[in-house]
S.K.: 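Could you have a look at this structure, given as structure tokens, before my questions?
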Amino acid sequence: MPFLSPRFWPTWLGLMALRLISLLPMAAQYTLGRFLGKMLYRLISKRRHIVEVNLKLCFPEKSEEERQQMAVEVFENNAIGMFETSMAWWSSPDRFKDKVIIEGLEHIEKAQQEGHGILLTGAHYSTLDLGGFLLGQKLNFSTVYRPHNNPLFDRFICQGRSRFVEQMLDNENSRAIVKQLRQGNVVWFAPDQDMGPKQSIFVRFFGIPAATVPATAKLARLGKAKVMIFGQHRLPNGEGYKLTISPALDPFPTSDEAADTNLVNQGLEQAIRQFPTQYMWVHRRFKTQPDAEKSHLYAKR
């Protein structure tokens, strides 16, 4: 079998470890995640540098000490997020009984009653898969994703998400996405990563010029869909999770591509700021810059 070759053994070991960790009590997973996050913060200097640059750019009002603490929390939240992903793939929904608050489902119901599909526009939070799992207990939706480079891990991603997602839509298959929207369905979409200059325009994100795909407005127009911002957060002190669906952006889309894309970024930023260290600042969000002299933001000095 192709996935039994030695190059996949580390993936199998990682998946087995996640499966075992998913059986632990949630409080134990949080404790283990915070410990692992602190270790990764010290060990993975390249990612630590990326996080530190992102936080310095986006939170200039914070002191150096405050941003350092935020950076540690980013790693802690990402480690906890790995364990939450395993719960999304393998745990029973009963495990989260009375631990989930969902606000804004009425906005989706109203839009669908009016004959619209919904482009549920989210971001890459550390709670990514678990947020989808929890939402999937109340709502049928499909998700846009980029297939993982590791085919074994990609198979597990698709199998895990099939528990709570109607369809996995390749991000390059815009026709399938538009079809879902025109049928009045809900599609989750995250336009918050730097995809390079060819696919992007520059609008501000946390006050910084950011290469941003303008696809949200294009898909909404072609799919005759409403766009709603989706936020997902882990509440403090083990209180559970909060999922928030905003009212539909209005007016949207307009004839101004930059204004539409900026409005989406503003909505995502507002959601991220509620619990900023739960966002995946480990990505080089600002690697592409309009000014060539500023295109080396992540270079170590």
Side-chain angles (χ1 to χ4, degrees), residues 3 15 18 81 84-93 96 100 102 104-125 127-193 195 199 213-232 241 243-246 248-249 252-253 264 268 280:
F3 291 140
L15 289 167
L18 284 176
E84 288 170 332
T85 294
S86 70
M87 289 192 288
W89 291 357
W90 291 302
S91 290
S92 166
F96 301 92
V100 185
I102 304 180
L105 286 172
E106 68 275 10
H107 305 311
I108 290 179
E109 294 171 0
K110 181 176 183 294
Q112 289 184 319
Q113 288 171 0
E114 295 172 352
H116 297 285
I118 295 91
L119 193 59
L120 198 59
T121 306
H124 287 78
Y125 297 94
T127 55
L128 190 69
D129 275 59
L130 184 60
F133 174 71
L134 298 175
L135 182 66
Q137 309 311 309
K138 298 291 184 181
L139 181 72
N140 293 327
F141 69 98
S142 297
T143 185
V144 179
Y145 93 118
R146 184 183 71 81
H148 200 278
N149 294 333
N150 182 324
L152 173 58
F153 195 60
D154 186 68
R155 173 174 289 190
F156 272 85
I157 289 173
C158 292
Q159 287 179 349
R161 291 178 180 174
S162 68
R163 302 180 67 214
F164 54 90
V165 167
E166 292 285 299
Q167 288 189 50
M168 299 283 287
L169 304 171
D170 192 307
N171 64 344
E172 295 187 358
N173 191 352
S174 57
R175 180 173 295 183
I177 299 169
V178 169
K179 181 179 179 181
Q180 286 292 313
L181 294 173
R182 288 205 169 192
Q183 291 176 347
N185 298 324
V186 179
V187 176
W188 180 91
F189 175 65
D192 64 316
Q193 293 189 314
M195 304 302 291
Q199 302 182 53
V213 290
T216 309
K218 293 179 180 178
L219 291 171
R221 182 178 295 108
L222 292 171
K224 300 179 180 179
K226 295 291 185 180
V227 172
M228 300 175 189
I229 302 297
F230 179 54
Q232 51 185 82
Y241 299 85
L243 313 179
T244 306
I245 300 162
S246 76
L249 299 183
F252 194 94
V264 171
L268 294 177
M280 289 188 184

S.K.: Please round to the nearest 0.5 Å and tell me the distance separating atom CG of L120 and atom CZ of F141.
M.R.: 8.0 Å
S.K.: Is there a side-chain contact (heavy atoms from CB on, under 4.5 Å) between T85 and L128 once you walk through the steps?
M.R.: CA-CA 8 Å; T85 294; L128 190 69; 6.0 Å; no
S.K.: Please report the shortest heavy-atom distance between E166 and S142, naming the atom on each side.
M.R.: CB-OG, 3.6 Å
S.K.: Is there a side-chain contact between F133 and D129 (heavy atoms, below 4.5 Å)?
M.R.: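 Sidechains of D129 and F133: no contact.
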S.K.: With sequence neighbours excluded, what pairs up with F189 under the ring-ring contact (aromatic ring centres under 6.0 Å, His included) test?
M.R.: none
S.K.: Does any donor atom in the side chain of E84 or T127 lie under 3.5 Å from an acceptor atom in the other side chain?
M.R.: no
S.K.: If you round to the nearest 0.5 Å, how far is CD of Q199 from CD of Q193?
M.R.: 12.0 Å
S.K.: Looking only at non-hydrogen atoms, find the nearest pair between N149 and R146 and report the distance.
M.R.: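 Where N149 meets R146 most closely, the heavy atoms are OD1-NH1, 3.5 Å.
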S.K.: Looking only at non-hydrogen atoms, find the nearest pair between P191 and G122 and report the distance.
M.R.: CD-O, 3.5 Å
S.K.: Drop me the distance from R155's CZ to L15's CG, to the nearest 0.5 angstrom.
M.R.: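 Between atom CZ of R155 and atom CG of L15 there are 12.0 Å.
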S.K.: Side chains of W188 and V165: does their closest heavy-atom pair fall under 4.5 Å?
M.R.: no
S.K.: What are the two closest non-hydrogen atoms of M168 and I157, and how far apart are they?
M.R.: CE-CG2, 4.3 Å
S.K.: Looking only at heavy atoms, which two atoms of Y145 and C158 are closest? And how far apart?
M.R.: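 It is OH-SG, 3.3 Å.
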S.K.: Quick one: CZ on R221 to OG1 on T216, what's the gap to the nearest 0.5 Å?
M.R.: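 With rounding to 0.5 Å, CZ (R221) is 11.5 Å from OG1 (T216).
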S.K.: I want to check something: taking the side chain as every heavy atom from C-beta on, are Q137 and F96 in contact at a cut-off of under 4.5 Å?
M.R.: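 No, too far: nothing below the 4.5 Å cut-off.
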S.K.: Checking Y241 against I102 for the side-chain contact (heavy atoms from CB on, under 4.5 Å) test, could you report, in this order, the C-alpha distance in whole Å, the side-chain angles of both residues, the deciding distance, and whether it holds?
M.R.: CA-CA 8 Å; Y241 299 85; I102 304 180; over 6 Å; no
S.K.: Any heavy-atom pair between the side chains of F156 and N150 that's under 4.5 Å?
M.R.: no
S.K.: Using only atom types and a distance under 3.5 Å, with no angle test, would you say the side chain of D192 pairs donor to acceptor with the backbone of H124?
M.R.: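 Flag set: sc D192 to bb H124 pair under 3.5 Å.
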S.K.: Is P93 close to F164 at the side-chain level, that is, under 4.5 Å between some pair of heavy atoms?
M.R.: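 No, every pair of side-chain atoms sits at 4.5 Å or beyond.
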S.K.: Rounded to the nearest 0.5 Å, how far apart are CG of L135 and CD of Q232?
M.R.: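 Between L135 CG and Q232 CD, I get 8.5 Å after rounding to 0.5 Å.
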S.K.: Check the angle between the aromatic planes of H148 and F153 and answer parallel, tilted or perpendicular using the 30° and 60° thresholds.
M.R.: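 Answer is perpendicular, since the angle exceeds 60°.
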S.K.: How far apart are the closest heavy atoms of S91 and R163, and which atoms are they?
M.R.: O-NH2, 2.6 Å
S.K.: Taking V187 as the fixed residue, which of T143, T121, L119 is the one that meets the side chain to side chain contact (heavy atoms under 4.5 Å, CB included) rule?
M.R.: L119
S.K.: Can you tell me how far apart CG (L130) and OH (Y125) are? Round to the nearest 0.5 Å.
M.R.: 14.5 Å
S.K.: Throw together a table of side-chain donor-acceptor distances under 3.5 angstrom for residues 178-185, partners on residues two or more places apart or in other chains.
M.R.:
unit_1 : atom_1 : unit_2 : atom_2 : d
Q180   : OE1    : N185   : ND2    : 3.0
R182   : NE     : L222   : O      : 2.6
R182   : NH2    : L222   : O      : 2.9
Q183   : OE1    : N185   : ND2    : 3.4

S.K.: Taking R161 for the side chain and A88 for the main chain, is one N or O donor matched with an acceptor at less than 3.5 Å?
M.R.: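 Flag not set: sc R161 to bb A88 has no pair under 3.5 Å.
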S.K.: Are the charged groups of E106 and K110 less than 4.0 angstrom apart, N to O?
M.R.: no
